[in-house]
Amino acid sequence: MSVTIHQVMNTSPVMPVMVINQIEQAVPLARALVEGGLKVLEITLRTPVALECIRRIKGEVPDAIVGAGTIINTQTLRQAIDAGAQFVVSPGLTPSLLDAGLGCGVPLLPGVITPSEVMRLLEKGITAMKFFPAEAAGGIPMLKSIGGPLPQVTFCPTGGVNPKNAPEYLALSNVACVGGSWMAPADLVDAGDWAEITRRAAGAAALKK
Ligand code: 3PG
């Protein structure tokens with residue numbers, strides 16, 4: 001099933017940003033998040049098993065919409081697409097990655113911080129962007145300020161977003177969803193505490209956009 005970047009951003013208020021260390025964790029973790037109501041999953045390419053995790057989740061968790069994060073060059077873009085990623089997320093953007101991303105047939109969520117970066121993407125017709133690293137880069141006041149002159153952009157703030165500040169981000173008119181890792185932190189994943197992960201996912205899924 002192919003999706004648009006706006007479907008990716010509007011399916012759930014929170015996009016789990018997942019770091020998976022063991023292949024065997026991938027499917028139960030994805031199932032736990034989907035059961036809690038979070039269908040859109042970003043698997044970061046930060047571990048050697050990440051691409052195989054994407055393949056397994058794609059094959060075994062049909063209700064999930066599986067994306068790849070940490071796309072930092074054309075090589076990782078190609079690997080993610082070959083593994084079956086339905087969307088791709090980058091922490092920032094280079095001209096070559098932008099060109100490849102626009103032609104790859106899979107929705108791209110590129111990372112930005114500044115108005116100039118936003119404007120460069122607008123010139124290419126991109127209106128959905130990741131605001132990363134959200135808290136370190138000015139957080140809610142920064143997004144409000146960018147929304148003044150550039151209201152046509154929709155953001156997914158990620159980095160330092162947590163259950164406390166997520167509602168305030170989600171209340172912004174230029175935020176569609178937030179990204180975060182609090183639903184599936186390493187300690188819960190390593191412990192196989194899928195029930196707690198489902199509970200956290202349900203709490204995140206219930207946040208209002
Ligand atoms: C990351 O850098 O891992 C993601 O942006 C998630 O950040 P978080 O752990 O602060 O939610």
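What you see is a predicted model; the values in this text were computed from it and never measured. Residue numbers run from 1 in the order of the sequence given.
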* Kindly indicate, with the supporting measurements, whether the criterion salt bridge (Lys or Arg N to Asp or Glu O under 4.0 Å) is fulfilled by Glu35 and Arg31. => CA-CA 6 Å; Glu35 194 185 326; Arg31 285 196 179 125; over 6 Å; no
Can a donor-acceptor pair be found, under 3.5 Å and without considering hydrogens, that links the side chain of Lys209 to the backbone of Val175? yes
Judged by atom type as modelled, is there a donor-acceptor pair below 3.5 Å linking the side chain of Asp99 to the main-chain atoms of Thr94?
-> no
Is Ile54 linked to Val8 within one hydrophobic cluster, defined over Ile, Leu, Val, Met, Phe, Trp and Tyr using a side-chain heavy-atom separation of less than 4.5 Å?
no
Check: Any sub-3.5 Å donor-acceptor pair from Ser12's side-chain atoms to Val14's backbone N or O?
Finding: no
Residue pairs passing the side chain to side chain donor-acceptor pair (under 3.5 Å) test with at least one member in residues 184-193, sequence neighbours excluded, are Gln25-Asp190
**OP:** Begin with the C-alpha distance, continue with both residues' side-chain angles, and end with the deciding distance and a verdict on side chain to side chain contact (heavy atoms under 4.5 Å, CB included) for Val178 and Phe155.
**Re:** CA-CA 8 Å; Val178 299; Phe155 292 100; over 6 Å; no
Next item on the list: Check for a donor-acceptor pair, side chain of Thr198 on one end and backbone N or O of Ala32 on the other, with a separation under 3.5 Å.
Entry: yes
Only one of Ile126, Val118, Asn174 passes side chain to side chain contact (heavy atoms under 4.5 Å, CB included) with Val153, and that residue is Val118
Discussion item. Could you tell me if the side chain of Lys130 sits less than 4.5 Å from the side chain of Val112, heavy atoms only?
Written reply: no
Any link between Val17 and Val61 through a network of hydrophobic side chains (Ile, Leu, Val, Met, Phe, Trp, Tyr) touching at under 4.5 Å? no
- Item | Salt-bridge present (Arg120, Glu123; N to O < 4.0 Å) | no
Nearest heavy-atom contact between Trp194 and Val189 is CH2-O, 3.8 Å
For residues 57-71, the side chain to side chain donor-acceptor pair (under 3.5 Å) pairs (sequence neighbours left out) are none
*asked:* Treating Asn10 as the side-chain partner and His6 as the backbone partner, does any N or O pair qualify as donor plus acceptor under 3.5 Å?
replied: yes
Minimal heavy-atom distance between Pro91 and Phe132, with the atoms involved, is O-CD2, 3.7 Å
Could you check whether any side-chain N or O of Arg200 sits under 3.5 Å from a backbone N or O of Trp182, counting only pairs where one atom can act as donor and the other as acceptor? yes
* Are the side chain of Ser90 and the backbone of Ile72 linked by a donor-acceptor contact shorter than 3.5 Å? -> no
With a 3.5 Å cut-off and no angle check, do the side chains of Thr76 and Asn73 form a donor-acceptor pair?
yes
| Do the charged groups of Glu52 and Arg56 touch, with an N to O distance under 4.0 Å? | yes
